[in-house]
Amino acid sequence: MQSYCVRLTAFRKSPRRMVFNPVLLARIMSAFTQLRVIIDETTVHKLTLPHGFPGTVDELLAAAKDCFQLQGNFTLMYIDQDFDNQFFTLTTTDLLKDKDTIKLVTTEPSVILTLTPVNEAADSSPSVSLSQSFQDDSSSASSSDTIILQQPPEY
């Protein structure tokens, strides 16, 4: 993102009044954006973005994580005044304006659990008959004492 230096040359003086250069005024208005950032119930900070809002939500999230030295996965939410100041998931930075409130919500990484039906697990492991497992008279139990039984046929 390009940075801009605001100088007194941003103004033109006319005999009656001072006039803003519209191009430089737009640059000034987009600069020095501030957001109120809620990290958790007891932690609220001010985030100053010297070049205005980033172009994407991911860039804004990266700026917040960098500024506050946060680790982990987060999603951003913003307060929508159209819905009585309720939080909504931020999908674009175009929804934000200067001095708005955003909230960083911790997201847990997705866990993928693959389940295998019992009959497939039994087919792939060697079968042991009950009579073989009880022939040993030792009283100690171990993981080798586990017996996987074949599933009875369904009726």
Side-chain angles (χ1 to χ4, degrees), residues 1-125 141-155:
M1 186 174 278
Q2 187 177 14
S3 62
Y4 299 99
C5 180
V6 179
R7 300 175 191 212
L8 290 178
T9 56
F11 305 103
R12 278 187 308 199
K13 201 169 189 174
S14 69
R16 290 186 221 147
R17 65 184 188 275
M18 188 163 288
V19 179
F20 286 98
N21 179 326
V23 173
L24 291 177
L25 179 61
R27 291 179 185 166
I28 293 169
M29 296 299 284
S30 69
F32 302 107
T33 302
Q34 293 182 330
L35 292 171
R36 178 177 177 251
V37 181
I38 300 172
I39 297 174
D40 59 38
E41 292 180 20
T42 60
T43 309
V44 179
H45 292 287
K46 182 188 331 182
L47 175 64
T48 301
L49 302 165
H51 305 292
F53 290 112
T56 67
V57 173
D58 288 336
E59 290 173 353
L60 177 59
L61 180 58
K65 286 174 69 173
D66 183 54
C67 180
F68 305 123
Q69 299 175 350
L70 300 172
Q71 301 293 321
N73 297 322
F74 295 91
T75 188
L76 283 174
M77 301 185 92
Y78 73 104
I79 289 182
D80 191 327
Q81 295 181 2
D82 293 339
F83 287 92
D84 297 323
N85 296 328
Q86 296 294 314
F87 280 101
F88 285 83
T89 303
L90 184 65
T91 56
T92 177
T93 57
D94 295 338
L95 299 170
L96 297 174
K97 59 186 181 301
D98 189 34
K99 299 205 176 26
D100 267 356
T101 297
I102 62 172
K103 184 176 187 178
L104 293 169
V105 180
T106 304
T107 57
E108 296 299 323
S110 298
V111 176
I112 299 174
L113 181 63
T114 305
L115 300 176
T116 307
V118 175
N119 59 352
E120 287 181 22
D123 291 343
S124 64
S125 63
S142 70
S143 62
S144 63
D145 293 337
T146 304
I147 301 170
I148 299 176
L149 301 175
Q150 299 251 347
Q151 189 174 15
E154 295 182 24
Y155 296 100

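This structure is a prediction, so every number in the text was calculated from the model and none was measured.
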Can you find a pair of side-chain heavy atoms, one from Leu35 and one from Leu49, that are under 4.5 Å apart? yes
Here the gap from Arg36 atom CZ to Thr101 atom OG1, rounded to the nearest 0.5 Å, amounts to 4.5 Å
Measure across Ala63 and Leu47 and return the closest heavy-atom pair with its distance rounded to 0.1 Å. O-CD1, 4.5 Å
Roughly how far, to the nearest 0.5 Å, is the CD1 atom of Ile102 from the CG atom of Leu76? 5.0 Å
Side chains of residues 77-86: which donor-acceptor pairs under 3.5 Å do they make with residues two or more places apart or in other chains?
from: Tyr78; atom 1: OH; to: Asp80; atom 2: OD2; distance (Å): 3.4
from: Asp80; atom 1: OD1; to: Asp82; atom 2: N; distance (Å): 2.8

Check whether any side-chain heavy atom of Leu104 lies under 4.5 Å from a side-chain heavy atom of Ile38, and answer yes or no. no
Partners meeting side chain to side chain donor-acceptor pair (under 3.5 Å) with Thr42 (sequence neighbours left out): Asp40
Carefully, step by step, assess Thr48 and Thr33 under the rule side-chain contact (heavy atoms from CB on, under 4.5 Å). CA-CA 6 Å; Thr48 301; Thr33 302; over 6 Å; no
So, using side chain to side chain donor-acceptor pair (under 3.5 Å) as the criterion, who are the partners of Asp98 when residues are at least two apart? none
Just jot down the ring-ring contact (aromatic ring centres under 6.0 Å, His included) partners of Phe87, sequence neighbours excluded, or say none. none
With heavy-atom distances below 4.5 Å as the criterion, would you say the side chains of Thr56 and Thr93 are in contact? no
What residues, two or more places apart in sequence or in another chain, satisfy salt bridge (charged side-chain N to carboxylate O under 4.0 Å, His left out) together with Lys97? Asp100
Which heavy atom of Thr92 sits nearest to which heavy atom of Leu90, and what is that distance? O-CD1, 3.1 Å
ring-ring contact (aromatic ring centres under 6.0 Å, His included) with Phe68: which residues, sequence neighbours excluded? His45
Taking side chain as C-beta onward, heavy atoms only, is Leu60 less than 4.5 Å from Leu96? yes
I need the Leu95 CG to Thr89 OG1 distance, nearest 0.5 Å. 11.0 Å
